[in-house]
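Beneath this line is the structure, given in C-alpha coordinates, with notes to follow.
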Amino acid sequence: MISVGAWLAAHDDLDRLDRDVLLERAAGLSRAQILTRPEAALEAGAAERLNAWAGRRRSGEPLAYILGSREFWSLELTVSPAVLVPRPETELLVEVGLEFMDGRAGQTIAALELGTGSGAVAIALAREARFRAVDLRLTATDVSPAALQIAAANARHHHTAIDFRHSDWWQEVRGRFALILSNPPYVRDADVHLDALQHEPRLALAGGADGLNAIRTIIAGAAARLETGGLLALEHGWDQAGAVQKLLEAAGFRHVASRADLAGVDRVTVGYLAAS
(Lines give C-alpha, C1' and ligand atoms only; values in the text may rest on other atoms or scores of the structure.)
Protein backbone atom coordinates (compact mmCIF):
# COMPACT_ATOMS: atom_id res chain seq x y z
CA MET A 1 0.00 0.00 0.00
CA ILE A 2 1.02 3.57 -0.64
CA SER A 3 0.23 6.54 1.55
CA VAL A 4 -1.42 9.78 0.46
CA GLY A 5 1.83 11.68 1.01
CA ALA A 6 3.88 9.15 -0.92
CA TRP A 7 1.45 9.24 -3.87
CA LEU A 8 1.59 13.03 -3.92
CA ALA A 9 5.39 12.95 -3.91
CA ALA A 10 5.50 10.34 -6.69
CA HIS A 11 3.46 12.63 -8.94
CA ASP A 12 4.88 15.99 -7.94
CA ASP A 13 5.32 16.92 -11.61
CA LEU A 14 1.55 17.46 -11.76
CA ASP A 15 -0.22 20.55 -10.50
CA ARG A 16 -0.95 20.22 -6.78
CA LEU A 17 -4.59 21.25 -7.17
CA ASP A 18 -5.07 18.58 -9.86
CA ARG A 19 -3.54 15.94 -7.58
CA ASP A 20 -5.80 16.97 -4.71
CA VAL A 21 -8.90 16.82 -6.90
CA LEU A 22 -7.94 13.37 -8.16
CA LEU A 23 -7.37 12.17 -4.60
CA GLU A 24 -10.74 13.54 -3.50
CA ARG A 25 -12.55 11.71 -6.29
CA ALA A 26 -10.62 8.41 -6.25
CA ALA A 27 -10.16 7.97 -2.51
CA GLY A 28 -13.10 9.90 -1.11
CA LEU A 29 -10.85 12.18 0.89
CA SER A 30 -11.62 15.77 1.78
CA ARG A 31 -9.07 18.50 1.16
CA ALA A 32 -8.53 18.77 4.91
CA GLN A 33 -7.82 15.04 5.17
CA ILE A 34 -5.31 15.23 2.32
CA LEU A 35 -3.47 18.05 4.10
CA THR A 36 -3.58 16.70 7.64
CA ARG A 37 -3.26 12.93 7.12
CA PRO A 38 -0.49 12.34 4.56
CA GLU A 39 0.29 9.03 6.29
CA ALA A 40 -3.17 7.61 5.49
CA ALA A 41 -2.98 4.52 3.31
CA LEU A 42 -4.67 4.38 -0.07
CA GLU A 43 -6.60 1.24 -0.92
CA ALA A 44 -5.12 -0.75 -3.79
CA GLY A 45 -8.03 0.01 -6.11
CA ALA A 46 -7.87 3.73 -5.41
CA ALA A 47 -4.11 3.83 -5.95
CA GLU A 48 -4.43 1.99 -9.26
CA ARG A 49 -7.14 4.37 -10.43
CA LEU A 50 -5.11 7.38 -9.32
CA ASN A 51 -2.03 6.23 -11.22
CA ALA A 52 -4.06 5.75 -14.38
CA TRP A 53 -5.64 9.19 -14.00
CA ALA A 54 -2.26 10.79 -13.35
CA GLY A 55 -0.95 9.28 -16.58
CA ARG A 56 -3.87 10.72 -18.51
CA ARG A 57 -3.39 14.14 -16.94
CA ARG A 58 0.34 14.00 -17.71
CA SER A 59 -0.51 13.44 -21.38
CA GLY A 60 -2.47 16.69 -21.39
CA GLU A 61 -5.98 15.29 -21.11
CA PRO A 62 -8.24 17.85 -19.39
CA LEU A 63 -9.11 17.08 -15.80
CA ALA A 64 -12.80 17.44 -16.68
CA TYR A 65 -12.61 14.51 -19.11
CA ILE A 66 -10.81 12.34 -16.58
CA LEU A 67 -13.45 13.02 -13.94
CA GLY A 68 -16.33 13.13 -16.43
CA SER A 69 -17.71 16.43 -15.18
CA ARG A 70 -17.11 20.18 -14.98
CA GLU A 71 -18.71 22.97 -12.97
CA PHE A 72 -20.22 25.86 -14.90
CA TRP A 73 -22.40 28.60 -13.39
CA SER A 74 -22.40 26.52 -10.16
CA LEU A 75 -23.91 23.59 -12.08
CA GLU A 76 -22.18 20.21 -12.27
CA LEU A 77 -22.24 19.12 -15.91
CA THR A 78 -21.29 15.82 -17.52
CA VAL A 79 -18.58 16.22 -20.15
CA SER A 80 -16.67 13.93 -22.47
CA PRO A 81 -14.27 14.32 -25.42
CA ALA A 82 -17.40 14.78 -27.57
CA VAL A 83 -17.84 18.30 -26.15
CA LEU A 84 -15.67 21.28 -25.40
CA VAL A 85 -14.86 21.69 -21.71
CA PRO A 86 -16.93 24.70 -20.53
CA ARG A 87 -14.70 27.68 -19.72
CA PRO A 88 -15.29 30.30 -17.01
CA GLU A 89 -15.15 33.10 -19.60
CA THR A 90 -18.17 31.62 -21.37
CA GLU A 91 -20.26 32.50 -18.31
CA LEU A 92 -20.21 36.02 -19.79
CA LEU A 93 -22.65 34.77 -22.46
CA VAL A 94 -25.02 33.75 -19.68
CA GLU A 95 -24.68 37.18 -18.06
CA VAL A 96 -25.54 38.87 -21.36
CA GLY A 97 -28.60 36.66 -21.73
CA LEU A 98 -29.73 37.44 -18.19
CA GLU A 99 -29.36 41.17 -18.77
CA PHE A 100 -31.64 40.78 -21.79
CA MET A 101 -34.24 39.16 -19.52
CA ASP A 102 -34.09 41.91 -16.90
CA GLY A 103 -37.41 43.70 -16.56
CA ARG A 104 -39.26 41.05 -18.57
CA ALA A 105 -40.87 39.08 -15.74
CA GLY A 106 -44.09 37.49 -16.93
CA GLN A 107 -43.07 37.70 -20.57
CA THR A 108 -42.36 34.90 -23.02
CA ILE A 109 -38.97 35.03 -24.72
CA ALA A 110 -37.96 32.76 -27.58
CA ALA A 111 -34.21 32.11 -27.35
CA LEU A 112 -31.72 30.09 -29.39
CA GLU A 113 -28.24 28.82 -28.64
CA LEU A 114 -26.21 27.73 -31.65
CA GLY A 115 -23.51 25.12 -31.00
CA THR A 116 -24.61 24.15 -27.50
CA GLY A 117 -21.95 21.49 -26.82
CA SER A 118 -22.50 20.24 -23.27
CA GLY A 119 -25.58 22.47 -22.96
CA ALA A 120 -23.85 24.65 -20.36
CA VAL A 121 -25.09 28.06 -21.52
CA ALA A 122 -28.61 26.91 -22.37
CA ILE A 123 -29.09 25.08 -19.07
CA ALA A 124 -27.76 28.01 -17.02
CA LEU A 125 -30.14 30.38 -18.81
CA ALA A 126 -33.10 28.05 -18.41
CA ARG A 127 -32.55 27.72 -14.68
CA GLU A 128 -32.02 31.43 -14.15
CA ALA A 129 -35.13 32.29 -16.18
CA ARG A 130 -37.25 30.50 -13.56
CA PHE A 131 -35.96 32.76 -10.82
CA ARG A 132 -36.81 35.80 -12.95
CA ALA A 133 -40.33 34.53 -13.72
CA VAL A 134 -39.53 34.66 -17.44
CA ASP A 135 -41.13 32.09 -19.74
CA LEU A 136 -38.00 31.22 -21.72
CA ARG A 137 -38.74 29.06 -24.77
CA LEU A 138 -35.24 27.80 -25.43
CA THR A 139 -33.92 25.95 -28.48
CA ALA A 140 -30.32 24.66 -28.61
CA THR A 141 -28.56 23.16 -31.61
CA ASP A 142 -25.38 21.30 -32.38
CA VAL A 143 -23.96 19.55 -35.43
CA SER A 144 -22.65 16.69 -33.26
CA PRO A 145 -25.19 14.00 -32.28
CA ALA A 146 -22.85 12.88 -29.47
CA ALA A 147 -22.75 16.40 -28.06
CA LEU A 148 -26.54 16.63 -28.18
CA GLN A 149 -26.84 13.40 -26.20
CA ILE A 150 -24.64 14.84 -23.46
CA ALA A 151 -26.48 18.18 -23.51
CA ALA A 152 -29.87 16.48 -23.25
CA ALA A 153 -28.67 14.34 -20.34
CA ASN A 154 -27.38 17.43 -18.54
CA ALA A 155 -30.68 19.22 -19.14
CA ARG A 156 -32.64 16.30 -17.68
CA HIS A 157 -30.35 16.18 -14.66
CA HIS A 158 -30.97 19.86 -13.97
CA HIS A 159 -34.71 19.64 -14.74
CA THR A 160 -34.66 22.14 -17.60
CA ALA A 161 -36.92 22.04 -20.65
CA ILE A 162 -34.85 22.73 -23.77
CA ASP A 163 -35.64 21.83 -27.38
CA PHE A 164 -32.41 20.25 -28.65
CA ARG A 165 -31.99 20.00 -32.42
CA HIS A 166 -29.37 18.48 -34.68
CA SER A 167 -28.37 21.29 -37.01
CA ASP A 168 -25.36 22.62 -38.88
CA TRP A 169 -25.74 26.23 -37.73
CA TRP A 170 -28.96 27.51 -39.38
CA GLN A 171 -29.76 24.41 -41.39
CA GLU A 172 -32.59 23.04 -39.22
CA VAL A 173 -33.56 26.21 -37.36
CA ARG A 174 -37.13 27.40 -37.80
CA GLY A 175 -39.01 30.40 -36.44
CA ARG A 176 -37.82 33.69 -35.01
CA PHE A 177 -36.11 34.48 -31.73
CA ALA A 178 -35.71 37.49 -29.50
CA LEU A 179 -32.32 36.28 -28.26
CA ILE A 180 -29.63 34.28 -30.07
CA LEU A 181 -26.35 33.31 -28.43
CA SER A 182 -23.36 31.28 -29.55
CA ASN A 183 -19.88 30.29 -28.49
CA PRO A 184 -18.73 29.10 -31.93
CA PRO A 185 -15.31 27.80 -33.01
CA TYR A 186 -13.03 30.83 -33.30
CA VAL A 187 -9.43 29.59 -32.99
CA ARG A 188 -7.34 30.22 -36.09
CA ASP A 189 -6.38 27.01 -37.89
CA ALA A 190 -2.67 27.86 -37.61
CA ASP A 191 -2.85 28.86 -33.94
CA VAL A 192 -0.18 26.98 -31.98
CA HIS A 193 -2.59 26.65 -29.05
CA LEU A 194 -4.61 24.07 -30.98
CA ASP A 195 -1.87 21.52 -30.27
CA ALA A 196 -2.42 21.94 -26.53
CA LEU A 197 -6.15 21.37 -27.09
CA GLN A 198 -5.74 18.12 -28.99
CA HIS A 199 -7.96 16.19 -26.56
CA GLU A 200 -10.95 18.45 -27.24
CA PRO A 201 -13.09 18.28 -30.41
CA ARG A 202 -11.40 20.29 -33.17
CA LEU A 203 -14.83 20.87 -34.69
CA ALA A 204 -15.69 23.04 -31.67
CA LEU A 205 -12.42 24.98 -31.78
CA ALA A 206 -11.02 25.65 -35.27
CA GLY A 207 -12.66 28.58 -37.07
CA GLY A 208 -10.72 28.80 -40.32
CA ALA A 209 -7.72 30.85 -41.39
CA ASP A 210 -8.77 33.93 -39.41
CA GLY A 211 -10.96 32.11 -36.90
CA LEU A 212 -14.12 33.85 -38.10
CA ASN A 213 -15.70 31.32 -40.48
CA ALA A 214 -18.45 30.20 -38.10
CA ILE A 215 -19.04 33.75 -36.85
CA ARG A 216 -19.58 34.95 -40.44
CA THR A 217 -22.06 32.14 -41.04
CA ILE A 218 -23.98 32.97 -37.87
CA ILE A 219 -24.13 36.70 -38.59
CA ALA A 220 -25.15 36.13 -42.22
CA GLY A 221 -28.17 34.06 -41.17
CA ALA A 222 -29.14 35.90 -38.01
CA ALA A 223 -31.34 38.58 -39.58
CA ALA A 224 -33.70 35.94 -40.95
CA ARG A 225 -34.11 34.37 -37.51
CA LEU A 226 -34.12 37.37 -35.15
CA GLU A 227 -37.13 39.42 -34.23
CA THR A 228 -36.78 43.15 -34.85
CA GLY A 229 -34.88 44.55 -31.88
CA GLY A 230 -33.61 41.08 -31.05
CA LEU A 231 -30.16 40.51 -29.62
CA LEU A 232 -27.31 38.46 -31.09
CA ALA A 233 -24.44 37.67 -28.70
CA LEU A 234 -21.23 35.98 -29.86
CA GLU A 235 -18.21 34.78 -27.91
CA HIS A 236 -14.91 35.19 -29.76
CA GLY A 237 -11.14 35.26 -29.36
CA TRP A 238 -9.18 37.78 -27.34
CA ASP A 239 -8.21 39.84 -30.42
CA GLN A 240 -11.33 39.46 -32.56
CA ALA A 241 -13.73 42.00 -31.04
CA GLY A 242 -13.02 44.68 -33.66
CA ALA A 243 -13.52 42.29 -36.56
CA VAL A 244 -16.76 40.92 -35.11
CA GLN A 245 -18.07 44.44 -34.52
CA LYS A 246 -17.46 45.32 -38.17
CA LEU A 247 -19.21 42.15 -39.37
CA LEU A 248 -22.26 42.92 -37.23
CA GLU A 249 -22.44 46.55 -38.35
CA ALA A 250 -22.09 45.55 -42.01
CA ALA A 251 -25.00 43.14 -41.55
CA GLY A 252 -27.27 45.92 -40.27
CA PHE A 253 -26.95 45.43 -36.52
CA ARG A 254 -27.11 48.44 -34.24
CA HIS A 255 -25.82 49.29 -30.76
CA VAL A 256 -22.91 46.94 -31.40
CA ALA A 257 -20.61 46.63 -28.39
CA SER A 258 -18.12 44.24 -26.83
CA ARG A 259 -18.10 42.98 -23.26
CA ALA A 260 -14.98 42.15 -21.26
CA ASP A 261 -14.57 38.97 -19.24
CA LEU A 262 -13.16 38.82 -15.71
CA ALA A 263 -9.64 39.02 -17.14
CA GLY A 264 -10.49 42.32 -18.83
CA VAL A 265 -10.47 40.77 -22.32
CA ASP A 266 -13.21 41.67 -24.80
CA ARG A 267 -14.83 38.23 -25.06
CA VAL A 268 -18.46 38.69 -26.17
CA THR A 269 -19.75 41.09 -28.81
CA VAL A 270 -23.45 41.92 -29.12
CA GLY A 271 -25.68 43.62 -31.63
CA TYR A 272 -29.38 44.41 -31.96
CA LEU A 273 -31.30 43.83 -35.18
CA ALA A 274 -32.59 47.14 -36.47
CA ALA A 275 -35.96 47.49 -38.22
CA SER A 276 -35.63 47.11 -41.98
Side-chain angles (χ1 to χ4, degrees), residues 56 60-94 97 111-127 136-175 177 179-187 189 191 193-194 196-208 211-218 221-222 225 232-237 267-268:
R56 291 168 64 183
E61 185 174 354
L63 190 64
Y65 290 162
I66 296 170
L67 301 178
S69 65
R70 175 65 173 251
E71 185 179 290
F72 179 88
W73 201 262
S74 299
L75 302 170
E76 194 72 14
L77 299 170
T78 294
V79 296
S80 83
V83 299
L84 200 66
V85 176
R87 267 65 169 180
E89 56 265 30
T90 300
E91 292 189 352
L92 182 57
L93 264 184
V94 179
L112 170 70
E113 186 198 5
L114 294 167
T116 192
S118 65
V121 170
I123 294 166
L125 285 172
R127 284 179 58 87
L136 189 66
R137 305 292 175 86
L138 187 54
T139 300
T141 73
D142 207 284
V143 71
S144 166
L148 287 173
Q149 288 182 351
I150 290 172
N154 281 325
R156 287 192 299 271
H157 178 72
H158 290 290
H159 308 290
T160 51
I162 299 169
D163 179 14
F164 291 104
R165 298 183 188 177
H166 180 234
S167 182
D168 186 358
W169 300 125
W170 300 110
Q171 190 176 61
E172 301 298 327
V173 175
R174 303 291 181 266
F177 304 87
L179 172 64
I180 299 176
L181 311 98
S182 184
N183 173 22
Y186 54 73
V187 181
D189 289 348
D191 194 315
H193 295 96
L194 276 178
L197 301 169
Q198 60 180 310
H199 292 276
E200 298 187 72
R202 189 178 179 89
L203 185 67
L205 291 164
L212 298 173
N213 284 359
I215 288 175
R216 288 192 188 91
T217 297
I218 292 170
R225 292 287 172 249
L232 175 63
L234 298 166
E235 181 173 332
H236 49 70
R267 182 63 63 183
V268 171

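Between the side chain of Ser182 and the backbone N or O of Leu114, at least one donor-acceptor pair lies under 3.5 Å. At least one donor-acceptor pair under 3.5 Å links the side chain of Thr217 to the backbone N or O of Asn213. Arg127 contributes no side-chain N or O that, together with a main-chain N or O of Thr160, makes up a donor-acceptor pair within less than 3.5 Å. Proximity of a side-chain donor or acceptor of Asn154 to a complementary backbone N or O of Thr78 within less than 3.5 Å is detected. Looking only at distances, no side-chain donor or acceptor of Trp169 sits under 3.5 Å from a matching main-chain atom of Ala214.
Here the shortest heavy-atom pairing between Thr141 and Leu112 reads CG2-CD1, 4.0 Å. Smallest separation of non-hydrogen atoms from Pro185 and Ala206: CB-O, 3.3 Å. Listed here is the closest heavy atom pair of Glu172 and Arg165: O-NH1, 3.8 Å.
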Pairs under 3.5 angstrom only: tabulate donor-acceptor contacts from the side chains of residues 61-76 to other protein residues two or more places apart or in another chain.
residue : atom : partner : partner atom : Å
Glu61   : OE1  : Arg56   : NE           : 2.9
Glu61   : OE2  : Arg56   : NH2          : 2.8
Tyr65   : OH   : Val83   : O            : 2.5
Ser69   : OG   : Glu76   : OE2          : 2.7
Trp73   : NE1  : Glu128  : OE2          : 2.8

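Residues passing the salt bridge (Lys or Arg N to Asp or Glu O under 4.0 Å) test with Arg87 are Glu200, sequence neighbours excluded.
Residue pairs that meet the salt bridge (Lys or Arg N to Asp or Glu O under 4.0 Å) test with at least one member in residues 136-153, sequence neighbours left out, are Asp135-Arg137.
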- Task: Could you go through the side-chain contact (heavy atoms from CB on, under 4.5 Å) check for Leu194 and Leu205 one step at a time?
- Result: CA-CA 8 Å; Leu194 276 178; Leu205 291 164; 4.0 Å; yes
